[in-house]
Q: 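Okay, handing you the structure first.
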There are 2 protein chains.
Amino acid sequence: MNREPPKRQGHVDIRDVARAAGVSTATVSRALSGRGYASDDARRKVAAASRRLGYQPAAPGRSLRTTRSMTIGLLVPDLADPVYLPFLRGVEHAAQQHGYVVVVADARSSTTLERRQLDRLYAQRVDALVLAGSPRDRAYLRRLQRAGLMVVDPEGPNGPSDIRRTTEAHATTSLCEHLADLGHSRIAYVTRGAPRGRTAQRRSRAVIDSCRKVGIAAKPVLLGARREPDDVGDMLAGLVRSRKPVTAVVCGAHSLAPLLLRAKSAAGIHVPDECSFVTYGDSDWAAAYRPALSVVRRDLYARATAITTHLIAQLDGHDPHVTDPDAHRVEFVPRDSVARARS
Amino acid sequence: MNREPPKRQGHVDIRDVARAAGVSTATVSRALSGRGYASDDARRKVAAASRRLGYQPAAPGRSLRTTRSMTIGLLVPDLADPVYLPFLRGVEHAAQQHGYVVVVADARSSTTLERRQLDRLYAQRVDALVLAGSPRDRAYLRRLQRAGLMVVDPEGPNGPSDIRRTTEAHATTSLCEHLADLGHSRIAYVTRGAPRGRTAQRRSRAVIDSCRKVGIAAKPVLLGARREPDDVGDMLAGLVRSRKPVTAVVCGAHSLAPLLLRAKSAAGIHVPDECSFVTYGDSDWAAAYRPALSVVRRDLYARATAITTHLIAQLDGHDPHVTDPDAHRVEFVPRDSVARARS
DNA sequence: TTGTAGGCGTTATCAA
DNA sequence: TTGATAACGCCTACAA
């Protein structure tokens, strides 16, 4: 009658515990989960047997029965970009604290792969999907959402983005005022390509707007195919040494900063004497660089834990604790890479 | 008879597809999985219905039946350390390519948490557990291993570590010879604390041994509680400006480099004139730093993909393709932060 | 070539 | 307070 049992894999199951404890599987389940009645005697016997056998309830069986996988999916636009690491870490820590486990999926900057990854996460029946950045195919995502996938988009309208939006705009304003105070009137805002995600678009707009407000001309610069320090350096030199020279460079992404810095070295541009430098995103390296880099930083880790904790409260039916407002603070940190503009 | 169906969650299941396609669930399963017979007609109808309904087989159900979760666990000693990112990425990519999904668990440098995480991964019934670094509690791990958890330890005796071991030792030798050639006879090897993991221990020993071989005195320096650039700077200054001065600093971990560099700036130590600098681990920032940092680098990403691909071949019963030897190459990359020792 | 049916490990209902 | 039992969604041996 046992039709092809896919071979006993040596895992201790609830029946083994039940047998060892001299009770039924139902009692084991109740005793261990804490839900339902169980006499102290039963509890003790079950706990002992369970520990002795090293029993760990199999998640697949449990999930099947409860329709909860105790799993959170995390879709990362591109794991090659280290900015997502603090976010991943934050999600993992919050999940860990509440008994959840995190499944990471890297979209590798590909729409096709993103869709494939979304399908897989959906197939895993993750209890929720957290987006580490803007998805490439919103329509596809919405379809899965309608199919029952719970999605948390920190940048989206349902996220706590209002706070973030205002604070990043605020920090950008500080940055621009700082530059204006130091006499800068023409700057370059450098990005790899046209801004894709919401964050990037808002950031770009914030820079443009803030600059206009303080009377700075902000020139958007797209790196495009230029990936070599020499190429980029030539371009920067053109900007910095033109008749209407740019006196500061704002780097739109932390991961872009090393390239830009190498480019400056290659072109022999001195920071900050010849040109000031600011980048979005902070790190130990940015602080260790000489001159120390001025940055606009936000605490992505705190942000991720806050979002995830909130999410889990929802999943578990608890009261969502008030989100830590500090989690969304964005600030401009002036350091040595910004100086008075040459006149 | 339906005793508490945990509420229909709106997920399309195999029966929905069967009904829509006018066939049985068995046929749906066969048609979609490709295993077993199914007429072309049936295949078409099933495919159509499946696509139309957006059917994705639920992993928990499938896992329960097949005892394969199509899931790989990744235990990271500490996600705060960016060195693990390329490794994570490599595992994820290899997994992705073969239909697996990755569950990350961060041990946060805590033995207690590590155990908790291991339990969770085991409970998830991951098909295999990959270690991104040395585990803190080997005994605990072994217990789970005996309980049926498949563990891949890249540093362990069953891993492809022989190659790695020899090549990292080789690169370390190159480094030391390079230093000796430039007239260095006293160097400091800086680590946060006493080496814990196997990698760290072997590295430490390799540095000591290689130095001895080429006639360099290698002084092990443990940072301990010193975390502030000023404190560390004082210590470095003491070393560099003593009567028997150290003329080069070898940094034992990439994540330690920014602190050391800030310390040098704080102490006014000029690199490389007054003191040369080398670090283990490469990054864009190391190359962008001025002077560009000499490093010992290895391709952790390639390493991770190779290991994972091999693992999956094993899991899937394929022939393990020959491991790409380049995946384990470790090399010394001299750049500008190393110069002739002052005499 | 297809359908029927049993069971993977777990939990929740219901009867005892 | 406990135990027998029926599902959860899926896959596959077997019968048709």
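First the proteins, then the strands, lettered A, B, ... as listed; each starts at 1.
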Q: Looking at C/dT10, I'd like to know if its phosphate oxygens (OP1 or OP2) sit under 4.0 Å from a side-chain N or O belonging to A/S29.
A: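 False: A/S29 side-chain N/O out of range (4.0 Å or more) of C/dT10 OP1/OP2.
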
Q: Atom CG of B/L32 to atom C1' of D/dC10: distance rounded to whole Å?
A: 12 Å

Q: CZ of A/R43 versus C1' of D/dT2: gap in Å, rounded?
A: 13 Å

Q: Ignoring hydrogens and angles, are the base of D/dC11 and the side chain of B/R65 linked by a donor-acceptor pair under 3.5 Å?
A: yes

Q: Would you indicate which nucleotide in D/dC10, C/dG3, D/dT5 comes nearest to any side-chain atom of B/V23?
A: C/dG3

Q: Give a yes/no on whether any side-chain N or O of B/T66 is located under 4.0 angstrom from OP1 or OP2 of D/dC11.
A: no

Q: To the nearest angstrom, how far is A/L64 atom CG from D/dA6 atom C1'?
A: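 About 13 Å, once rounded to whole Å.
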
Q: I need the CG-C1' distance between A/D16 and C/dT10, as an integer number of Å.
A: 14 Å

Q: Quick check on D/dG9: is either OP1 or OP2 less than 4.0 Å from any side-chain nitrogen or oxygen of B/R15?
A: yes

Q: Between B/R62 and D/dC11, is there a contact of a side-chain N or O with OP1 or OP2 at under 4.0 Å?
A: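 Yes, B/R62 has a side-chain N/O under 4.0 Å of OP1/OP2 on D/dC11.
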
Q: Could you give the CZ-to-C1' distance, from B/R68 to C/dG9, as a whole number of Å?
A: 18 Å

Q: Does the C/dG9 base have a donor-acceptor partner in the side chain of B/R125 within less than 3.5 Å?
A: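 No, the side chain and the base share no sub-3.5 Å donor-acceptor pair.
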
Q: Measure the CD-CG distance between A/Q145 and A/L129 for me, rounded to the nearest 0.5 Å.
A: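 It comes to 8.5 Å.
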
Q: Where the side chain of A/D13 is concerned, which of C/dT2, C/dT10, D/dT12 is the nearest nucleotide?
A: C/dT10

Q: Of the nucleotides D/dT5, D/dG9, C/dT2, which has the atom closest to the A/A26 side chain?
A: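 For the A/A26 side chain, the nearest candidate turns out to be D/dT5.
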
Q: Ignoring hydrogens and angles, state whether a donor on the side chain of A/T308 or A/T305 is under 3.5 Å from an acceptor on the partner side chain.
A: no

Q: Cationic tip of A/R51 within the cone over A/Y55's six-membered ring, i.e. under 6.0 Å and within 45° of the normal?
A: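 Because its charged atom misses either the 6.0 Å distance or the 45° angle limit, A/R51 does not stack over A/Y55.
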
Q: I want to verify a distance call: between C/dG3, C/dT11, C/dG9, whose nearest atom is closest to the A/A58 side chain?
A: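 So the side chain of A/A58 is nearest to C/dG9.
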
Q: Roughly, in whole Å, what's the span from CZ in B/R19 to P in C/dG3?
A: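 Spelled out: CZ on B/R19 to P on C/dG3 is 14 Å.
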
Q: Using heavy-atom distances to pick each residue's nearest nucleotide on DNA chain C, tell me which of A/R30 and A/P60 is more 5'.
A: A/P60

Q: Please determine, for the side chain of A/I14, which listed nucleotide (D/dC8, D/dC11, C/dT10) has the closest atom?
A: C/dT10

Q: Checking the side chain of A/H318 only, and the main-chain atoms of A/Q314 only, is there a donor and an acceptor separated by less than 3.5 Å?
A: no

Q: Answer yes when B/R15 and B/D13 have at least one side-chain N-carboxylate O distance shorter than 4.0 Å, and no when they do not.
A: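 Looking at B/D13 together with B/R15, the answer is yes, because their closest N to O distance falls below 4.0 Å.
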
Q: Which nucleotide, D/dC10, C/dT10, D/dG3, lies nearest any side-chain atom of B/Y55?
A: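 Given the options D/dC10, C/dT10, D/dG3, the side chain of B/Y55 is closest to D/dC10.
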
Q: Using whole Å, what does the distance between atom P of nucleotide C/dG9 and atom CD of A/Q56 come to?
A: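 From A/Q56 CD to C/dG9 P: 16 Å.
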
Q: For the side chain of A/S39, counting heavy atoms from C-beta on, which of C/dA12, D/dT1, D/dC10 is nearest?
A: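 In terms of side-chain proximity for A/S39, the closest of C/dA12, D/dT1, D/dC10 is D/dT1.
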
Q: Can you tell me how far C1' of C/dA12 sits from OH of A/Y37, to the nearest Å?
A: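 Distance, rounded to whole Å: 14 Å.
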
Q: Taking the cut-offs as 6.0 angstrom to the six-membered ring centre and 45 degrees off its axis, would you call A/R125 and A/Y122 a cation-pi pair?
A: yes

Q: Here's a test of your reading of the structure: between A/A42 and A/T25, which maps to the more 5' nucleotide of DNA chain D?
A: A/A42

